[in-house]
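Only heavy atoms go into these numbers, but all of them, side chains included; no hydrogens, no water, no symmetry mates. The chains referred to below are lettered A, B, ... by the order of the sequence lines, with proteins before strands, and numbering in each begins at 1.
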Amino acid sequence: MSVPQKRKHIRTADFRHGAKLHKGANGSHYHPHKKPRYVDLSDDDLPQSRKKPEMNGTTSHHKMVNGHTLKNAKSKHERNGQASPSVNGISAGEGSTTKKPNSSANTQLQEQRRQLPIAKGMCREALVEEIKKNDVTVLLGETGSGKTTQVPQYLLESDIAGTGTIAVTQPRRVAATSLAARVSKEQATPLGTRVGYAVRFDEKYTLQTRIKYMTDGMIVRELMSDPLLLKYSVIVVDEAHERTLRTDLLLANLKTIQRKRNAAEDAKGKGKADKLNPLKIVVMSATLDAEKFSRFFHNAKIIYVKGRQHPVTIYHSAESQIDYVDAAMRTFFQIHIDQPPGDVLIFLPGQEDIESLQKSLSFFTTHLPTTNPSVLILPMYASQSPTSNAKVFDPTPPNTRKCILATNIAETSITIPGVKYVIDTGKCKEKQYLARDSGGGFDTLLTRDITKSSAMQRAGRAGREVRLSSPLIPFSLLIKHDTQRAKAENINLISHLPVYSALKTLWLLGAIDKDQKLTPLGRQMALFPVEPHLSRSILASSPTTSSSSSSSSVPPTSSQGCTKELLTITSVISSSSKLFLDISTSTSTSSSSSTASARIKFKHPSGDHLTILNTVRAYDDISSQGSKHERKEWCKKHCVNERALTEAKKIREQLVDVCRKLGLDPELSCGENEGPVLASLGYGLVGNSAFLQPDGSYKQTMGHSIIKIHPGSTMMNEKVPAIIYDELVYTNQIYARGVSAIGKNFFVKHPALSQRQA
DNA sequence: ACAATGGGT
């Protein structure tokens, strides 16, 4: 089989997410000119050696010695398993610690556990031994090795965890919940007892829970109330290679926490320190990034675990696919008509593509001869309800082929039973920051090609894969191209720009001071689980706090409190789904007018923010009087998305809790006098402001870009001297979304802006 | 003159 060559991308996100902005748990802070104390985890120092193994990365049959441990990853070639024979065969290690099966289903489950690569040979013993010996262990496990489900159980079944909880962090919600369900079954205990999970708005665990799967964002939140994470005796950071800001932040904090806790343990005998339980850290990664994590933790031991149980056959499309949705559809039918039973998983970049493919698939499947099995199409993406996402795990009905259309939500750590074929469009979406200096100054969400490790992860979801990306681009050419680009744009500068920009925003909001130290205001802001500009707006709505904490960069406070209103508006803005729905079925002209009329009904002359407030107030009126049915009808009639409102309500409850903790009155209301609402929003959105230009467009106050008001805004046809907006979206032009008119005077008074204009 | 949204709290 030929070795497919895959494009190596410069990932802007890696620069943005570089490990440089981290604040240590001890309050240390970022200095742009200082080198970080710890080894840089970002890709800036990407060694040449990494590229070479990657070329072999997609070969389907990795041969790796089971349980083979290497200190500090010195011999990289061994990882490609050149010709090392596998030493399977000795199925030791399952004797004494295995639970007694209590049913035939459980017997089967335990047999499956024993068949996992990680359970074979001496792997389990070696693993437990190493983790016992070392404070930090880096585990490089290939897809399908079983590390995510088994390692926590091994830790539990040995005495490593003591009486504490084992936390296993995941980058995705569905992964955390479905893993907990799976491992619960393997432990033969009800979900939420011995094995549980915690994701936002949904948790199932008790104080007795020993293994807790959770999203990394969740544990980062817990860090604020429990800075040493004393609840946990072992923290397993899974999918560490995903490298988001959160995982980097978590790893940086864990290093500090471990130093404190384990030092206290050493000093215990001398009676110096309080009794702190020591912390074990296990970092699990599916890619060769393991070396970086090892270096970060003072050359922690790296353990390699062999991968998948069944070889994956990868088919590439013969040529580059431009219309990848169409290509995915044609590939699906090739599989459906020619191939034996087995469910299909299709990876697509976003909701829009998923919906469009769903439409065409369901159209064509109804026209198939009845001799074919029927097709059950199941979409899966984060902004869909958890219940709908959970449907993909249901068993496939008889004489049916399940076809799952997923974003990268399904990329890691989930196993969908029955999936035998994966069709990968090779695309994903990612937020990228477009630096001010290159005409931007805002985030973009663009479709791009996936990375090599993503491709491997996706392939790992099944036994067979059809990949629609083109393998024809010569690898060497791309490296050259990337180097040129890096040179042209001055890579070092680029890597720092977003950081500077983020710091500037925080400074503008008063969250950090000139030395980049978190201010008391910033500390309060961080407690709210919303974007900084929104938490700043909430705090501005309470007269007492903003006057007491106001620094020189903050204008005088509004006289009247309006926290109640701000909580409503910011929770709706934070919701992941849109408040107003467009019914874009067949009648395009009439539907757009009906959406418009729905908005006009609640439209507030000042713009979208108070329109949101009007809508929620109207909805609350209806729900307090009417039945559930009437409420639904009302939403339908006014093109209001009830899911956005229910999600906003849950977010609002969280925000209310934070307010109470801070001693703010969440009921503080300005009633019908809505002036203070916009004034408060202005505090947070000061960087998101623009002035009217003679030609009717707007120009950023804090950037050079010309922007237009988004056609979905109530302000679309209005010409006002100045606006604030929630965000910019970049499509053919730069559009401002969530727009309100604001008095020009507010900004003239703002020191940060007047300074700039002077 | 025309609307593009991955993942996480």
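- Distance, A:Y324 OH to B:dA4 P: 15 Å, rounded to whole Å.
- Among the nucleotides B:dC2, B:dT9, B:dG6, the one closest to any side-chain atom of A:R200 is B:dT9.
- Here A:Y381 lies in heavy-atom contact (under 4.0 Å) with sugar-phosphate atoms only.
- Between A:E647 atom CD and B:dT9 atom P the separation is 11 Å, expressed in whole Å.
- For A:T407, taking side-chain heavy atoms from C-beta onward, the closest of the listed nucleotides B:dG7, B:dT9, B:dC2 is B:dG7.
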Practice task
Report the C-alpha distance between A:Y725 and A:H710 in whole Å, list the side-chain angles of each, state the deciding distance to 0.1 Å, and finish with yes or no for ring-ring contact (aromatic ring centres under 6.0 Å, His included).
Solution key: CA-CA 10 Å; A:Y725 51 84; A:H710 194 281; over 10 Å; no
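- Using modelled atom types, one finds no donor on one side chain facing an acceptor on the other under 3.5 Å when comparing A:S574 with A:S571.
- When heavy atoms are screened at a 4.0 angstrom cut-off, A:Q654 is found touching no nucleic acid atom at all.
- Between A:I409 atom CD1 and B:dG8 atom C1' the separation is 11 Å, expressed in whole Å.
- Between A:N717 atom CG and B:dA3 atom C1' the separation is 13 Å, expressed in whole Å.
- The shortest distance between the side-chain N/O atoms of A:S574 and the OP1/OP2 oxygens of B:dT9 is not below 4.0 Å.
- Taking side-chain N and O atoms only, A:Y735 has a distance below 4.0 Å to OP1 or OP2 of B:dA3.
- When rounded to the nearest whole Å, the span between CD of A:E239 and P of B:dG6 equals 21 Å.
- Of the candidates A:L254, A:V282, A:D216, A:L254 is the only one forming a side-chain contact (heavy atoms from CB on, under 4.5 Å) with A:V237.
- Close to B:dT9, at under 4.0 Å from its OP1 or OP2, lies a side-chain N or O of A:T215.
- Taking atom CD of A:E411 as the reference point, atom C1' of B:dG6 lies 10 Å away to the nearest angstrom.
- Within the 4.0 angstrom heavy-atom criterion, only backbone atoms of the sugar-phosphate kind lie near A:R172; the bases stay farther away.
- Between A:E727 atom CD and B:dG6 atom P the separation is 12 Å, expressed in whole Å.
- A:L357 places its CG atom 21 Å from the P atom of B:dA4, with the value rounded to the nearest Å.
- Which of B:dT9, B:dG7, B:dC2 sits closest to the side chain of A:M218 comes down to B:dT9.
- The side chain of A:R221 lies closest to B:dT9, out of B:dG6, B:dT9, B:dG7.
- Distances shorter than 4.0 Å separate none of the side-chain N or O atoms of A:H710 from OP1 or OP2 on B:dC2.
- Note that CZ of A:F580 is 10.5 Å distant from OG of A:S713, once rounded to the nearest 0.5 Å.
- Annotation: cation-pi geometry not satisfied between A:K708 and A:Y735 (NZ/CZ under 6.0 angstrom from ring centroid, within 45° of ring axis).
- Using a 4.0 Å cut-off, no side-chain N or O of A:R737 falls inside it from OP1 or OP2 of B:dA3.
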